[in-house]
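Structure first, then comments.
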Amino acid sequence: MNLHLNDFLVEYNELLSRAGLEHKGKFSVLASPTLNKQETVTFLYRDVVNQLSNNSNKITKNNTVRLRLQFIARLGLMFYNLVKTSLTFRIKSLPGNCIYVRTWLVPRSIHNGIVRDDYFRQLIDDMSDNNSVVVGFQPLGYGELLKQFKNTHKPDNFIVPVGLLSIGDIIKVFWEYILSANVTLYNEYSFKGVVVSNLINNSLKKDYFKLRSFQAFLELEIAKKINRFSPKIFLYIYENQAWENAYLSTFKETETKIIGYQSSGFSFRFLNFFPAKLDGQNALYPDKILTVGDNFTKALKEFGEYPIPVETFGALRFDFPAVNGSYIIEEARSEIFKRILYAFPVHFYQYQQIIQDLIEVFGNTEIEVHLKYHPLFQSNDNNMQLPSNFKVWSQDNNKKLNLTYDIVLFNDNSFGIESLMMGVKSFEYEFGELYDENRLFDFDLYPYRLDKNGLINICARILNSTISKDLNKEYIHQYIESMYIVYNGNANQILN
């Protein structure tokens, strides 16, 4: 079936909004990644399209017995991890009337033996001049990184929020989750004339049994604890995910100002960034959303039905040099290095196919291929045998991009935009993914999308030194200014 972006962004989007209204007001709906349209977690749309195309063999099937057995194991492991974390990072109180910053603990949070937030960075210091600021680092897992956080130098106001919960609180979270988190739809829902209710319910079962909804229940209890200390501002990373509803529902009727910050780039496959019309009337939102740049503000307003202000603020995660409020654009180099870089996305399931395609095109040629994995990906998880001309890019690589690579290849990763700043042409690789992963919004300097035939062509042009590496520096300057605004150290949009 020939489907278009509009079918996904509008019709499918509205379908899930209607489904969520069947149990309107229940926290289990707010906690569900399926009903919050987190396609990067659920892949529900892929199953829906397969059902429309009569590809039932490609639809994800649930093994109920296995799900239930794994559910018990997951609950036990999660309980152990939370109790251990709570006892290790015990927090008895928070300063009243503080600014509470909810962030993620990621590998880049610990740098050179010091903890620093990777998402808000300098803003935290700027807000701390005249305010009490608490930074809550929520871990993505409960392993080695938490140990590093515990043993690394950090300010006293850097906390792990699970430490706010007692063992009794944790038991309560599990009790409420087991009794109320399971959502089942009873009405019939169709997409393009095909009933898909069973697919939505299958995804909802996985929300429950795989603990995909658990994070929201955990954060709800944390939010209640934070609320006891009446924070004046709650600032968090905005992605419109299910867990965010824990804080939005808790602070909804309070004097706490809630601000969401869009810290990372996104493509249209992140459907949760684009609320449907029904969501504009029924979903929960912060008081306002701040973005990294004008093009992201424009995309959110144009394709999402937001009933709140969406304003451009600044790119807090950018460390690139700037002069007079503009990022410096590096010169493109004409020299052919016979070396390329591939920047991978957070979608780990794609890695094997992408690497296989790269091997088939560039393997055992004179071109060196460097693989830049996403920071959350563990490179030892990739057990594919790489040709001798393939190398894994090091996170500590300080070489200038324009003095090292001929081009950058990427998919669903903002590094393709950053490479333009550093004087290197970038190309989005399209390899048959169902979802639209375009990151270069409104970019028309050159044809930047490549399929496998395009890779073969660009490989030949690098080898025979006919590839054009020219970049219009003025165009790139204007484009980067539309994508990313330099943070000027003024936190008034948050404080006022």
About how many Å separate [atom2] of [Y] and [atom1] of [X], when rounded to the nearest 0.5 Å?
{"X": "Ile200", "Y": "Leu16", "atom1": "CD1", "atom2": "CG", "result": "5.5 Å"}
{"X": "Lys473", "Y": "His477", "atom1": "NZ", "atom2": "NE2", "result": "10.0 Å"}
{"X": "Glu219", "Y": "Leu248", "atom1": "CD", "atom2": "CG", "result": "11.0 Å"}
{"X": "Ile329", "Y": "Leu471", "atom1": "CD1", "atom2": "CG", "result": "10.0 Å"}
{"X": "Asn131", "Y": "Ile233", "atom1": "CG", "atom2": "CD1", "result": "6.5 Å"}
{"X": "Leu123", "Y": "Leu290", "atom1": "CG", "atom2": "CG", "result": "9.0 Å"}

Would you say the side chains of [X] and [Y] form a donor-acceptor pair under 3.5 Å?
{"X": "Thr297", "Y": "Thr291", "value": "yes"}
{"X": "Glu39", "Y": "Tyr435", "value": "yes"}
{"X": "Glu481", "Y": "Ser326", "value": "yes"}
{"X": "Asp118", "Y": "Ser109", "value": "no"}
{"X": "Asn438", "Y": "Asp412", "value": "no"}
{"X": "Lys277", "Y": "Asn13", "value": "no"}
{"X": "Thr42", "Y": "Ser203", "value": "no"}
{"X": "Glu244", "Y": "Tyr285", "value": "no"}

Flag the pair [X] and [Y] as a salt bridge only when some basic side-chain nitrogen lies within less than 4.0 angstrom of an acidic carboxylate oxygen.
{"X": "Glu330", "Y": "Lys400", "result": "yes"}
{"X": "Glu428", "Y": "Arg439", "result": "no"}
{"X": "Glu221", "Y": "Lys172", "result": "yes"}
{"X": "Lys224", "Y": "Asp169", "result": "no"}
{"X": "Asp436", "Y": "Arg449", "result": "yes"}

So which of [options] actually passes side-chain contact (heavy atoms from CB on, under 4.5 Å) with [X]?
{"X": "Pro345", "options": "Gln350, Arg269, Glu433", "value": "Gln350"}
{"X": "Phe120", "options": "Leu235, Asp126, Ile494, Val135", "value": "Leu235"}
{"X": "Phe158", "options": "Val134, Val115, Thr152", "value": "Val115"}

With a 4.5 Å heavy-atom cut-off, do [X] and [Y] have their side chains touching?
{"X": "Asn240", "Y": "Phe274", "value": "no"}
{"X": "Val83", "Y": "Asn81", "value": "no"}
{"X": "Ile417", "Y": "Leu440", "value": "yes"}
{"X": "Leu316", "Y": "Tyr119", "value": "no"}
{"X": "Val310", "Y": "Lys288", "value": "no"}

Assess the pair [X] and [Y]: is the distance between their ring centroids shorter than 6.0 Å?
{"X": "Phe303", "Y": "Phe268", "result": "yes"}
{"X": "Tyr342", "Y": "Phe410", "result": "no"}
{"X": "Phe266", "Y": "Phe296", "result": "yes"}
{"X": "Phe27", "Y": "Phe217", "result": "yes"}
{"X": "Tyr236", "Y": "Tyr261", "result": "no"}
{"X": "Tyr208", "Y": "Phe214", "result": "no"}
{"X": "Tyr484", "Y": "Phe318", "result": "yes"}
{"X": "His370", "Y": "Phe390", "result": "no"}

Would a distance-only check, ignoring hydrogens and angles, find a side-chain to backbone donor-acceptor pair under 3.5 Å from [X] to [Y]?
{"X": "Asn36", "Y": "Leu30", "answer": "yes"}
{"X": "Glu305", "Y": "Asp279", "answer": "no"}
{"X": "Tyr475", "Y": "Asp444", "answer": "yes"}
{"X": "Lys257", "Y": "Asn496", "answer": "yes"}
{"X": "Ser419", "Y": "Gly416", "answer": "yes"}

More than 12 non-hydrogen atoms from neighbouring residues, nucleotides or ligands closer than 6.0 Å to [atom1] on [X], yes or no?
{"X": "Asn130", "atom1": "CG", "answer": "no"}
{"X": "Lys391", "atom1": "NZ", "answer": "yes"}
{"X": "Gln493", "atom1": "CD", "answer": "yes"}
{"X": "Lys210", "atom1": "NZ", "answer": "no"}
{"X": "Glu255", "atom1": "CD", "answer": "no"}
{"X": "Tyr446", "atom1": "OH", "answer": "yes"}

Discussion item. Assess the residue pair Phe251 and Tyr100 against the criterion (ring pair (Phe, Tyr, Trp, His ring centres under 6.0 Å)); give the C-alpha distance rounded to whole Å, side-chain angles, the decisive distance to 0.1 Å, and a yes or no.
Written reply: CA-CA 12 Å; Phe251 295 127; Tyr100 189 96; 8.3 Å; no

Six-ring centre of [Y], [X] cation under 6.0 angstrom, axis tolerance 45°:
{"X": "Arg108", "Y": "Trp104", "answer": "no"}
{"X": "Lys372", "Y": "Phe344", "answer": "no"}
{"X": "Arg74", "Y": "Phe71", "answer": "no"}
{"X": "Lys150", "Y": "Phe89", "answer": "no"}

Could you tell me how the ring of [X] sits relative to the ring of [Y]: parallel (under 30°), tilted (30 to 60°) or perpendicular (over 60°)?
{"X": "Phe273", "Y": "Phe270", "value": "perpendicular"}
{"X": "Tyr247", "Y": "Phe234", "value": "parallel"}
{"X": "Phe377", "Y": "Tyr351", "value": "tilted"}
{"X": "Phe137", "Y": "Phe149", "value": "tilted"}

Item to complete: Show your working on side chain to side chain contact (heavy atoms under 4.5 Å, CB included) between Lys24 and Val29 and close with a plain yes or no.
Response: CA-CA 7 Å; Lys24 183 179 179 181; Val29 171; over 6 Å; no

Worksheet item: Considering the options Lys469, Arg333, Arg339, Lys425, which one meets the salt bridge (charged side-chain N to carboxylate O under 4.0 Å, His left out) requirement together with Asp406?
Response: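 Single salt bridge (charged side-chain N to carboxylate O under 4.0 Å, His left out) partner of Asp406 among Lys469, Arg333, Arg339, Lys425: Lys469.
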
Item to complete: Carefully, step by step, assess Val292 and Ile485 under the rule side chain to side chain contact (heavy atoms under 4.5 Å, CB included).
Response: CA-CA 6 Å; Val292 299; Ile485 296 295; over 6 Å; no

